[in-house]
Each structure stands twice: as structure tokens, then as C-alpha cells.
Amino acid sequence: MSLVLSSLAFIALGVLLVALTDSTVVWSSSNQFCGTVCHSMTWASAAYKRGPHYVNPVGVSASCGQCHIPYESSRATPTEYVKLLLFKADRGAKDFWNESHKTIATEEEWEKRRPQLRTTFESYLTSHNYITCRGCHRLDSFGGPRSQMKALIHKDVVQSDGVDCLQCHRDVGHVYGQSQTQNETKTGGWYTEEQATTGGKTYAQSCASCHGMNLEGGAGPALKGSSWQQLYAGAKLLTAWGEIKGPMAQYAGTTFTAKQSLDLLAYLLQQNGLPSGTKPLADTRELSETIPSK
């Protein structure tokens with residue numbers, strides 16, 4: 001009898017420990033914990049609340065833990081759960097040391113350390129093939145009419161061995177500083193004249209049959225003036241680039257490389273009065289700027 005009671009007590013203790021461990025894991029990955037308990041995360045938390053992972057049209061937020069802790073956003077196997085605990089223990093110990101020694105006590109110190117911290121985290125994502133992003137976003141699951149553009153844009157990514165989510169979605173997690181207003185001009189210009197000229201040649205060859213030689217419209221909508229404003233004013237450059245790289249290329253019966261679609265975007269920006277500069281649009285990481293309205 002005593003053996004049975006001891007066994008039941010041992011099982012109950014085990015269940016209690018597992019429940020406490022899981023509750024602690026969930027609590028220590030919550031936005032409330034990350035944004036308030038850790039003083040040094042105050043500014044990161046504010047930037048997170050300005051980003052699309054916190055507020056978006058779908059209404060589903062990605063938490064701090066889901067983005068920064070592996071297997072937090074997916075159903076972890078027992079082995080993966082152990083890895084999750086080890087990861088949290090390692091990061092938790094480092095965070096405790098930094099908090100106790102007040103290595104980031106002011107916003108100025110945070111801004112000074114932020115580039116290094118960002119590089120460290122991005123290196124982790126790259127080396128682990130964006131494990132936390134893939135917990136929520138399965139690129140091979142895009143389907144249906146609402147996901148057509150996403151599927152087209154990501155088809156080359158899906159087929160590759162490695163994924164670089166931040167190549168296009170650099171500010172998806174945190175938006176620091178105030179976003180430029182729609183009537184402001186991007187410092188230094190938006191593209192180069194040479195790039196716009198190259199994009200114009202591609203446009204004439206592949207796009208003019210639908211949108212008109214002068215962007216006046218035809219089978220497709222006009223891409224200049226009020227029509228352009230209705231389509232893209234207030235949207236990010238990434239939105240217009242995605243349309244070019246995805247549906248527009250498909251309708252034209254061709255494919256555009258990243259460079260070709262960036263050149264085309266530069267041409268459209270030029271034709272809609274946005275000023276040129278000394279640097280071309282050479283990387284999709286630069287597409288977080290907002291297209292101004294007139």
C-alpha cells in the first residue's frame with residue numbers, strides 16, 4: 001500500500017514539476033515578460049509594437065517568444081522541447097547577467113548596442129535556416145486566390161535549399177524611429193537615372209502591351225498619375241515590387257529577376273515624379289520605404 005502511495009506521490013510530483021516548467025516557459029516568453037520585466041527591452045518592445053508582427057490587417061500578432069525562441073511557434077517534439085529549454089536557459093542566463101550589471105541602462109546605450117545585437121540574432125536565423133519564421137510561415141502552403149502573389153513571389157525561394165526572409169522583410173519584427181510620412185521625400189533620392197533607363201527598356205519590351213507605352217493603361221491599369229496614386233500611395237515599395245515580380249510578370253508571360261523588377265520599379269518611380277539619387281535600388285531590403293502621396 002505504501003509503495004502504491006509513494007508511486008502516486010512521485011507521479012503527482014512529476015506532473016506538478018512538468019506543469020510548473022511549462023508555465024514558466026510560457027510566461028517567460030510572453031510579451032509582458034519581455035517588454036516589462038527586462039528593463040533593457042523597453043525600447044525593443046516599443047519598436048515591436050510599431051511593426052507588422054504586432055499590428056496587421058489579419059489581426060494575428062506574433063509574440064516575442066515566437067520570433068526569438070526556436071520551436072516556440074510550432075508543436076515541438078520532445079527532443080525539440082529539450083532544445084527549447086536549453087536555448088532559453090542559455091539566453092536567460094545571459095539576459096540576467098546583463099540586467100544585473102545594467103549593461104543597457106539607457107536608451108543611448110541601447111542604440112549603441114542595437115546593431116551588434118541585431119547582427120547576432122540575424123546570424124542565428126541565417127545559420128538555422130530561419131527556424132522561428134518557418135514555425136508560422138510555411139512557404140509551400142501558399143494557395144488560393146488571396147495568396148497568388150505570395151506564391152508567385154516565393155516560388156524560387158521555396159525551391160531553394162536556403163531561405164533569407166530578411167532579404168525582403170527586414171523591418172518585420174521591429175520598426176525603430178518614426179516612419180516617414182507620405183508627403184516626405186526619401187533622403188538621397190529613390191533610384192538612379194541609369195537604373196530607371198534600364199527599367200524603361202524592360203517596361204517597353206514586356207509591360208507596355210498591357211499598360212501602354214506611356215503608362216496610360218490598356219488591358220492593365222494605368223501606372224501613372226491618379227491611377228498610380230490609388231494603387232500605391234501610402235504602400236511600401238515592397239508592395240509595388242511584389243506586384244512586378246509576381247502577377248505582372250506572370251501576365252506578361254515572362255519572369256523577372258530581382259534586379260529586373262527593381263529596375264522596373266525605379267522606372268515607375270521616375271515616371272511618377274519621385275526624385276533620383278546616387279544609389280540604385282539594389283537590394284530588396286531597401287523596400288520598406290513608403291511611397292508618398294501627392
Side-chain angles (χ1 to χ4, degrees), residues 139 142 145-160 164 166-171 179-180 182-294:
L139 300 183
F142 291 134
R146 295 183 64 185
S147 297
Q148 182 184 39
M149 187 176 79
K150 294 179 181 178
L152 286 169
I153 294 171
H154 291 94
K155 65 178 182 179
D156 295 332
V157 177
V158 174
Q159 296 169 0
S160 65
D164 185 0
L166 294 179
Q167 181 180 357
C168 298
H169 306 287
R170 188 162 181 79
D171 293 322
S179 300
Q180 73 180 72
Q182 293 182 3
N183 293 320
E184 289 179 335
T185 299
K186 182 175 179 291
T187 303
W190 296 75
Y191 55 89
T192 63
E193 288 295 331
E194 180 181 5
Q195 182 179 28
T197 299
T198 301
K201 294 176 181 177
T202 303
Y203 176 87
Q205 180 179 353
S206 302
C207 309
S209 59
C210 283
H211 297 283
M213 283 301 298
N214 298 308
L215 292 84
E216 72 276 13
L223 296 176
K224 192 173 183 179
S226 59
S227 179
W228 169 267
Q229 289 290 307
Q230 290 174 3
L231 289 169
Y232 299 115
K236 291 185 180 297
L237 288 173
L238 182 64
T239 301
W241 175 83
E243 290 280 356
I244 294 169
K245 183 76 166 60
M248 286 180 65
Q250 184 187 47
Y251 297 148
T254 187
T255 58
F256 295 134
T257 64
K259 182 182 182 305
Q260 285 176 318
S261 53
L262 287 170
D263 291 346
L264 277 166
L265 178 57
Y267 173 68
L268 294 178
L269 294 176
Q270 179 201 56
Q271 295 301 302
N272 282 280
L274 277 72
S276 62
T278 58
K279 293 183 178 180
L281 279 171
D283 194 325
T284 49
R285 295 176 191 240
E286 302 168 10
L287 301 182
S288 60
E289 300 285 354
T290 301
I291 298 173
S293 59
K294 295 183 178 180

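Keep in mind that what you see is a predicted model, and the values were worked out from it rather than measured.
The shortest non-hydrogen separation linking Ala222 to Leu231 is O-CD1, 4.0 Å. For the residue pair Pro247 and Gly242, the shortest heavy atom distance occurs at CD-O, 3.6 Å. Considering all non-hydrogen atoms of both residues, Ala204 and Ala208 come closest at O-CB, 3.8 Å. Closest non-hydrogen pair, Phe256 versus Cys207, comes out as CZ-SG, 4.2 Å. The two residues Ala266 and Ala196 have their closest heavy-atom pair at O-CB, 4.0 Å. Closest approach of Leu264 to Gly199, counting heavy atoms only: CD2-O, 3.4 Å.
In this structure, Thr202 and Asp263 have side chains that are not in contact, with every pair of non-hydrogen atoms separated by 4.5 Å or more. Under the 4.5 Å side-chain criterion, counting only non-hydrogen atoms from C-beta, Glu289 is in contact with Trp190. Between Leu223 and Met248, some side-chain heavy-atom pair lies under the 4.5 Å cut-off. Side-chain contact between Thr239 and Ile291 is absent, with no heavy-atom pair separated by less than 4.5 Å. Side-chain contact between Ile244 and Trp241 is absent, with no heavy atoms from C-beta onward closer than 4.5 Å.
By the side-chain hydrogen bond (donor to acceptor under 3.5 Å, both in side chains) test, Ser276 pairs with Glu193, sequence neighbours left out. Take Thr197 and apply the side chain to side chain contact (heavy atoms under 4.5 Å, CB included) test, not counting sequence neighbours, and it matches Lys201. Tyr267 pairs by the ring-ring contact (aromatic ring centres under 6.0 Å, His included) definition with Tyr203, not counting sequence neighbours.
When atom types are taken as modelled, the side chain of Tyr191 and the backbone of Leu265 share no donor-acceptor pair closer than 3.5 angstrom. Side-chain atoms of Gln195 come within 3.5 Å of backbone N or O of Leu281 as a donor-acceptor pair. Not one N or O on the side chain of His211 forms a donor-acceptor pair closer than 3.5 Å with the backbone of Glu216.
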